[in-house]
**Q** 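Mind looking over this structure? Questions follow.
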Amino acid sequence: MSKILVIHGPNLNLLGSREPEIYGKETLDGVNEQIKTLASNEGISIEIKQSNHEGEIVDMIGNARDDFDLILINPAAYTHTSVAIRDAISAVGIPAIEVHLSNIYSREEFRHTSLIAPVCHGQVSGFGVHSYILGLQAAIEMLKYSSK
Ligand code: CA2
């Protein structure tokens, strides 16, 4: 059974409580339920983690090699700043897919650059909670083809 690690970056624990006009009204628990439902329908094993700390996220990525086939990550604000997370993804040896709730290219200019995207297989941005679902569907397709 394929195993996917989902990582939510800083402040995503606040989802649903503030800025609903940008990030929607769904809570992180609600997002996670949707992710788990799709994974279970597709026969995929999922582990979901959230951290507000860059080093912790670097460790999660580094430790994923032996236990997971793919990482689905919303690096949140670290998208635009973290060489450490980029290097961890680049080094881990399993594919990663980057997701964003908002369309980072239609927001402030500092959000237009992702340091993470160049080391990911692909990026989904701008579909709210559905970005995670689309990213997960893409991940599942990728894993199907890579195991043939
Ligand atoms: O659109 C996304 O998913 C982002 O990764 C969200 C980050 C932001 O820094 C990125 O540029 C784009 C922010 C996550 C914080 O989420 C909050 C949710 C509710 C209330 C406050 C913050």
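Fair warning: this is a prediction, and the values are worked out from it, not measured in the lab. We count residues from 1, following the sequence as given.
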**Q** Look only at the side chain of Y78 and the backbone of E54, and say whether a donor-acceptor pair between them is shorter than 3.5 Å.
**A** yes
**Q** Check the pair I116 / Q123 against side chain to side chain contact (heavy atoms under 4.5 Å, CB included), numbers first and verdict last.
**A** CA-CA 9 Å; I116 311 303; Q123 184 198 63; over 6 Å; no
**Q** Would you say that R86 contacts P118 through its side chain, given a criterion of any heavy-atom pair below 4.5 Å between the two side chains?
**A** yes
**Q** Does the side chain of V99 reach to within under 4.5 Å of the side chain of N74, using non-hydrogen atoms?
**A** yes
**Q** Nearest 0.5 Å, please: how far is OG in S125 from CZ in R111?
**A** 11.0 Å
**Q** For the pair H80 and H100, name the ring-plane relationship: parallel under 30°, tilted 30 to 60°, perpendicular over 60°.
**A** parallel
**Q** E42 vs K144, test: side chain to side chain contact (heavy atoms under 4.5 Å, CB included). Steps then yes/no.
**A** CA-CA 11 Å; E42 294 284 343; K144 267 186 205 160; 4.3 Å; yes
**Q** Find the distance between NZ (K36) and OG (S45) and round it off to the nearest 0.5 Å.
**A** 11.5 Å
**Q** Measure across R65 and A91 and return the closest heavy-atom pair with its distance rounded to 0.1 Å.
**A** NH1-O, 3.5 Å
**Q** Can you find a pair of side-chain heavy atoms, one from L143 and one from I4, that are under 4.5 Å apart?
**A** yes
**Q** Do you know which of V129, L15, L14 makes side-chain contact (heavy atoms from CB on, under 4.5 Å) with L28?
**A** L15
**Q** Once you round to the nearest 0.5 Å, how far does CD of Q50 lie from CD1 of I57?
**A** 7.5 Å
**Q** Spell out, yes or no, whether I7 and I97 are grouped together once hydrophobic residues are joined by side-chain heavy atoms under 4.5 Å, including indirect joins.
**A** no
**Q** Quick one, I85 and V58 - any side-chain contact, counting heavy atoms below 4.5 Å?
**A** yes
**Q** D67 vs E47, test: side chain to side chain contact (heavy atoms under 4.5 Å, CB included). Steps then yes/no.
**A** CA-CA 10 Å; D67 294 334; E47 196 167 314; over 6 Å; no
**Q** Under the 3.5 angstrom rule, does the side chain of D69 hit a backbone N or O of K3 as a donor-acceptor pair?
**A** yes
**Q** Counting neighbours of CD on E108 that are heavy atoms of other residues, nucleotides or ligands and sit closer than 6.0 Å, is the number greater than 12?
**A** yes
**Q** Under a 4.5 Å side-chain heavy-atom rule over Ile, Leu, Val, Met, Phe, Trp and Tyr, are V119 and I61 clustered together?
**A** yes
**Q** Looking at every non-hydrogen atom in both residues, tell me the closest pair between P10 and A77 and how far apart they are.
**A** CG-N, 4.3 Å
**Q** Hey, could you give me the OG1/CG distance between T27 and N13, rounded to the nearest 0.5 Å?
**A** 11.5 Å
**Q** Give a yes or no on whether L5 and V92 share a hydrophobic cluster (residues Ile, Leu, Val, Met, Phe, Trp, Tyr; joining criterion: side-chain heavy atoms under 4.5 Å apart).
**A** yes
**Q** Nearest 0.5 Å please: distance from the CD1 atom of I48 over to the CG atom of L72.
**A** 9.5 Å
**Q** CD/E98 to CD1/I89 distance, rounded to the nearest 0.5 angstrom?
**A** 7.5 Å
**Q** Membership question, hydrophobic clusters at under 4.5 Å side-chain separation (ILVMFWY): are Y23 and I104 in the same one?
**A** no
**Q** Give the C-alpha distance, both sets of side-chain angles, the deciding distance and a yes or no for side chain to side chain contact (heavy atoms under 4.5 Å, CB included) between L136 and I46.
**A** CA-CA 10 Å; L136 188 54; I46 281 271; 4.0 Å; yes
**Q** Could you report the tightest heavy-atom contact between S131 and G126, atom names first, then the distance?
**A** OG-N, 3.6 Å
**Q** Return the minimal non-hydrogen interatomic distance between S82 and L115, and the atom names on each side.
**A** N-CD1, 3.7 Å
**Q** Is the Y132 to H8 ring centre distance short of 6.0 Å?
**A** yes
**Q** Any chain of hydrophobic side-chain contacts (each under 4.5 Å) joining L101 to L134?
**A** yes
